[in-house]
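Notes follow once the structure below has been shown.
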Amino acid sequence: MAGTPSFFAKLFKGRFWRHKKKTSPSRPEESTAPARPRLENHMDKPLKLAEHQRPANKPEPDPYLISFPIEHTIHQLWRLRRDEKGWLPSPEFTLHTGEEQVLSPLEARKEAPRLKASLSAAAQARLAAATPKPQLNQNPEEPPAPVSLDAQAVIYVASDGLSAWVSLFPPVGEGQELAQDALLRALSAAGVTYGVDTERLALLPSLESRYFHLFPIARGRAAVPGKDGEIVDLFPREATRKLPVDEYNRVDFAAATSTQNIEKGQAICHISAPTPGVPGRMVTDKEIPTRDGIPAVPPMGRNTALSEDGATLIATHTGGLEFAGRAFQVNPLLEISGNVDHSTGSVNFLGDVHIHGDVCSGFTVRAMGNIKVDGVVESSTIEAGGNLVLTKGVQGNNQAVIRAHRDIYAKFLENCSVHVQENLHSECIIGCEVFSDAAVYAQSGRGAIIGGRVRAAREVSANIVGSKTEVRTSIYIGGLPVEDFEKELLAQEITDLEQKLAETERQPNSPAKLSRMSKMRMQISVNRLKLNQYMKNLEELDKQDPEKRFGGRLTFGIAYPGTRIHMGGSLLKVPVETRHSMAMLIEGDVRLMS
């Protein structure tokens, strides 16, 4: 009966077996649950951990610490000393010296391998000397005689010679403890004689943790290079040009000026003298050479001079101050209280010119500096070596020629030819031939460009382009318009001079003939040099990608039919009135973008 299972055993065994079979199939293929579909290229999502569960960032190694493996000879020497004395502080070699560091972290990283190699070599030699060796004629069964070595000081001189360090090995056997005399002899043998820390030298023999540690023992003096002379400007080298705008978006061109006025004797800049360098000294008492400061070159130009002590640049004349090239210069100011007419004649001045009246028809105003005209410019020629400010504007009658080597600021420009090497700012441009090697802006006031042709290297921006009467208004973007025009002008002038020279050569010989021929040959030579420079600049521009060469844009508030936009050989005619758009060259075509 004992071997026969009971009723309850059979009952529970059956239930357990049925439950196990139902919930835990013995083989995967016996499971009735559908298999989970496997997605191709399926990537498990990264495990998201709480902040406290994330592993801490590995700290950067200490650049000052020099560590050795446990089987290194340093540790073997330390264990030998520990076995003799019973206790000894663990080896610790660090270039860290507290708040005032002898070496920077970068210098310590560079110095550590060299120091580690030096300590390893010294430790290997010390361990070899401390290992007992059998003597000649000694019984092999007898142990070798114990070795006795005095304490040893290992001196290490940094690669730059500005610091020396000492590491101490303890005595072996009956050897003598460290003494100050032994330290001095070790320093002398290493050639360390300058900047020795005498206090540390006296303290080391009695320091408890003196062995198997690293101590700075001498410091040199770094070389200090001389400070170069400096220029402290009292005036900005780049004059700021601001256009005052009122609440009606109108520009006060009378206030637009970039001239910095200066009085005779006024200081322009201060010049600090250079300082001599201070040679350094290595711990081996060798001098570290250095350099003296370099004197600053005074930015002395026209109408400026140095003070008696050479520390200040002053103006020798009253006028307009500007920085050109590498020097400050003072341009004398010529003021004309009335009009430029028959009472004054044409003006040709080396400095700045301020005309309080009009420039009448038929007269010319040329200046090396800036020109400002408070009145109206009629059918005349204006050429400025700097900026040109036309407070009222130009009524050119298709005869006025306006040139500036920098910026032009004009209230309005009407029926004239304008050449500007930088930017042009005007409220209204009507029927003009405009050449700009930078940008043309007609945004203040009415801000209109009506009729004529406007050529700009980078950008044209206006509130209104064209008119309701559909007058033809051509906008050209790209290239170097001023240089293109000058190139054609020079080529024509050279051709005319060569024809005149050929005609002069056929005339009878005379002193006047030879003088005229010499002048014409000189003019032809100068013009060819200018032409070659223009050709070189244009060739460099042609090498650029068309998208870069014609990468400018036209922006406008409204453009009327009759407006023609030229970019990179492509033409876009504005067919209908268009508002708030921008024209750019895209894939060889001129396109409008709202």
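The chain is numbered in sequence order, starting from 1. The structure displayed is predicted, hence computed values, not measured ones. All heavy atoms count here, side chains included; hydrogens, waters and symmetry mates do not.
- With respect to the salt-bridge test (charged N to carboxylate O, under 4.0 angstrom), the residues E383 and R366 qualify.
- Using a 4.5 Å heavy-atom cutoff, the side chains of M282 and I288 are in contact.
- Put simply, the side chain of S159 reaches to within 4.5 Å of the side chain of R114, judged on heavy atoms.
- Shown here is R591, whose CZ atom has more than 12 heavy atoms of other residues, nucleotides or ligands within 6.0 Å.
- Within the 4.5 Å cutoff, the side chain of P274 has no heavy atoms near those of the I294 side chain.
- Two residues are said to be in side-chain contact when any heavy atoms from C-beta on lie closer than 4.5 Å; P481 and Y476 fail this criterion.
- Contact annotation: the side chain of V232 never approaches that of S272 to less than 4.5 Å [non-hydrogen atoms, C-beta and beyond].
- Within 6.0 Å of CZ in R281 there are more than 12 heavy atoms belonging to other residues, nucleotides or ligands.
- Heavy-atom neighbours of K513 NZ from other residues, nucleotides or ligands within 6.0 Å: above the threshold of 12.
- The closest donor-acceptor contact from the side chain of T578 to the backbone of V576 lies under 3.5 Å.
- Counting only heavy atoms from C-beta outward, the side chains of F556 and L592 approach each other to under 4.5 Å.
- Relative orientation of the H419 and F485 rings is tilted, given thresholds of 30° and 60° on the angle between their planes.
- Under a 3.5 Å cut-off, the side chain of S343 and the backbone N or O of D341 do not form any donor-acceptor pair.
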